[in-house]
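Please read the structure below before turning to the comments.
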Amino acid sequence: MNLFTDIRALVIENLTEMQAEGALPEGLDFANVTVEPPRDAAHGDMATNAAMVLAKPAKLKPRDIAEGLAAKLITDARIELADVAGPGFLNLRLAADLWQGVIGAALKEGADFGRSDMGQGRRVNVEFVSANPTGPLHVGHTRGAVFGDALASLLDFAGHQVTREYYVNDGGGQVDVLARSAYERYREANGLEPQIAEGLYPGDYLVPIGEALKAKYGDSLIDQPESVWLQDLRLFSTESMMDMIRADLASLGVVMDLFYSEKSLYGSGKIESALEDLSSKGLIYEGTLPPPKGKADEDWEPRVQTLFKSTEHGDDVDRPVKKSDGGWTYFAPDIAYHFDKVERGFDELIDVFGADHGGYVKRMKAAVSALSDGKVPLDIKLCQLVRLFKDGQPFKMSKRAGNFVTLREVVDLVGPDVTRFVMLTRKNDAPLDFDFSKVLEQSKDNPVFYVQYASARIHSVMRKATDAGIAVDDATLADADLAKLDHEAELAVIKKLSEWPRLIEIAARTNEPHRVAFYLYELAAEFHALWNRGNDLTELRFLQEGDSATSQAKIALIRSVSIVISAGLGILGVTPAEEMR
RNA sequence: GCACCCGUAGCUCAGCUGGAUAGAGUACCUGACUACGAAUCAGGGGGUCGCACGUUCGAAUCGUGCCGGGUGCACCA
């Protein structure tokens, strides 16, 4: 149930009637008519811009339309008051039982309250993390992992059929580097001095791989040329790295539906067929790119290469798909991979990248646009940097991994719940400061705590109620006399709850899960405010001694808050707290 | 030089397919606990929404041009 869409439907219905009655001309587009919460609660419960949006196409004065609409709306039992204000806003006040109905809906629908069918079952592929299998995941990946996973859950909640996917770059030159690095650790395991040359991966995480290689091969690969061991070590070390990455993700609660191997594309004919598709559309040609302007590059020389005409689909320059040695560029398998997603029938694709891949956005969109004939939209979300702090000071550490902080270190220090919530307290395209001290602080400055504390307080009240012999199961609460919830402080909380289904749709439409985190903070604030009003006004306390009917109504309200907090935290992948320790 | 992202209160940031007097937290000041968990709440001061034009009944939001910060710019992924 979504009160805002209900009332919007009522507005549209009345506008249509006005057309039938000749008060409005035919052929108007109602798409821009909105029903929203007003900025200022004094204006009423909801406001519609219908009159202002329609004034011009209808060639009427906004206030005249608004007054006509108001006169019709007021006859509906749900509308208590309809005022024209300002340039033509129509402010509505809703009947109290409509608000109380929100509580009933939350209690009956439980964890599904707010679930939307907006997505209509459309199939969405969310590709995220996709880190090279050459080392452990670091903080940057952590943000991408949390963001992608929460986005996937959000879209699922909004009625999409979601696949979580990880593209494994196990086919390129960096895997050779990995294999050579692992070989040095293998030599080390055999008692020799490892020679970690410039360009190899120095991290300690390869030490156990070296041990494992020794267990498998003994000393048989020592002093053997690369041609003997390179292929085996490529395979062995990427598999080991992927096991580690899977475990890292699992420690955060992220589970992929599919790991898609780049290597599997080679020799399968998929790269060829993807490029054939582009070629059949006249988008592949042999040519020479212009030199980059402004920045002097002495190594640059004109070269004829195989190019994808991405400029026809919005890119700034055409992109090479073949290297001069005849091999594919990294872009070619990426094209094939996205072609594969399109062929698997997804209606929408989302890629989550780190901000350092910003320059890659246009060519990837161009490729998908070309491959799907513009039918499958690709949205690319860039996650900005995470800056680590401790007690306000920039934080550096990790001998284990080389020179970066790993996902595992973060999760071990603050736990998966805190990690996930904090990673979503910023918009994805804004940089995020992550202070190890602050995120564990128990104060309202820390949103994780603040929301969890609200949840804990609610459970505390419910435990007290149970001790007092008051039934507080959801079915009983749903039958409570909700008309008792008529104080403005209580209605304020209900109104916030009523925005939940609307918020889900906005967040899902914009692919912005951080909105859920901010909403939960606001909901918690409304709840804490109501709680404290009870200090002064005893009639606002949730437990009314000797009056279990009133207590149940009030508990129905806060139980609804906890249902929404749980659902919201569930989307973010965070476990709600029943008590604080 | 080009492309993308960002620029909102002293600081860190929200801001809904363009809506009314731009909101939180923090910091600063002032109040509220013999409590359903004060780990909280209420109130106060604090803003040329980077700048300038433009579109619109209406712009933090859309367009163009500047300024400032970040990222990326053939045959690495």
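Order of the sequence lines fixes the chain letters, A, B, ..., with proteins taken first and strands second; residue numbering starts at 1 for each chain.
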B/A52 versus B/U48 - spacing of their C1' atoms, nearest Å: 12 Å
Nucleotide B/U17, atom P - distance to CZ of A/Phe4 in whole Å: 13 Å
Closest listed nucleotide, where the reference is the side chain of A/Asp536 and the choices are B/A32, B/C6, B/G25: B/A32
From B/C16, B/A77, B/G37, nucleotide with atom closest to A/Arg509 side chain: B/C16
B/C75 base / A/Arg303 side chain donor-acceptor hit below 3.5 Å: yes
Residue pair A/Leu24, A/Leu60: steps toward the side-chain contact (heavy atoms from CB on, under 4.5 Å) verdict: CA-CA 9 Å; A/Leu24 281 176; A/Leu60 291 166; 3.9 Å; yes
Side-chain donor/acceptor of A/Asn532 to base of B/U40, under 3.5 Å: yes
Nearest-neighbour nucleotide for the A/Lys362 side chain, B/G25, B/C36, B/A3 considered: B/A3
Aromatic ring pairing A/Phe353/A/His357, orientation class (parallel under 30°, perpendicular over 60°, tilted between): tilted
Touch class at under 4.0 angstrom, heavy-atom based, for A/Pro290 against every strand present: nothing
Check: A/Arg502 side chain, B/C16 base, donor-acceptor under 3.5 Å: yes
Distance, P atom - from B/C51 to B/C11, rounded to whole angstrom: 15 Å
Residue A/Arg457, side-chain heavy atoms: nucleotide from B/C76, B/U40, B/A74 that is nearest: B/U40
Test of ring centre spacing under 6.0 Å for A/Tyr450 and A/Tyr521: yes
Atom-to-atom span, NZ of A/Lys322 to P of B/A74 - whole angstrom: 22 Å
Residue A/Asp445, side-chain atoms from C-beta onward, closest of B/G15, B/G25, B/C13: B/G25
Sugar-phosphate, base or nothing in reach of A/Ala465, heavy atoms under 4.0 Å: nothing
Carboxylate-amine/guanidinium contact A/Lys554 A/Glu490, below 4.0 Å: yes
For B/G54, the Watson-Crick or wobble partner whose two distances fall under 3.5 Å: B/C62
Ring-face cation contact, A/Tyr285 with A/Lys309, 6.0 Å cut, 45° max: yes
Side chain of A/Phe518 - closest among B/C13, B/A20, B/G19: B/C13
Watson-Crick or G-U wobble partner of B/U26, both distances under 3.5 Å: B/G10
A/Trp531 and A/Phe542 aromatic ring geometry - parallel, tilted or perpendicular at 30°/60° bounds: perpendicular
Listed nucleotide nearest any side-chain atom of A/Gln384, set B/U12, B/A38, B/C5: B/C5
Side-chain N,O (A/Lys464) to OP1/OP2 (B/G37) below 4.0 Å: yes
Selected nucleotide, minimal atom distance to A/Arg426 side chain, candidates B/U40, B/A38, B/C13: B/C13
Atom P, compared across B/U21 and B/C73: separation rounded to whole Å: 46 Å
Closest to the A/Asp356 side chain, choosing from B/G72, B/G15, B/A77: B/G72
Among B/U17, B/A20, B/C4, the one nearest A/Thr34 by side-chain distance: B/U17
P gap between B/G1 and B/C76, integer Å: 28 Å
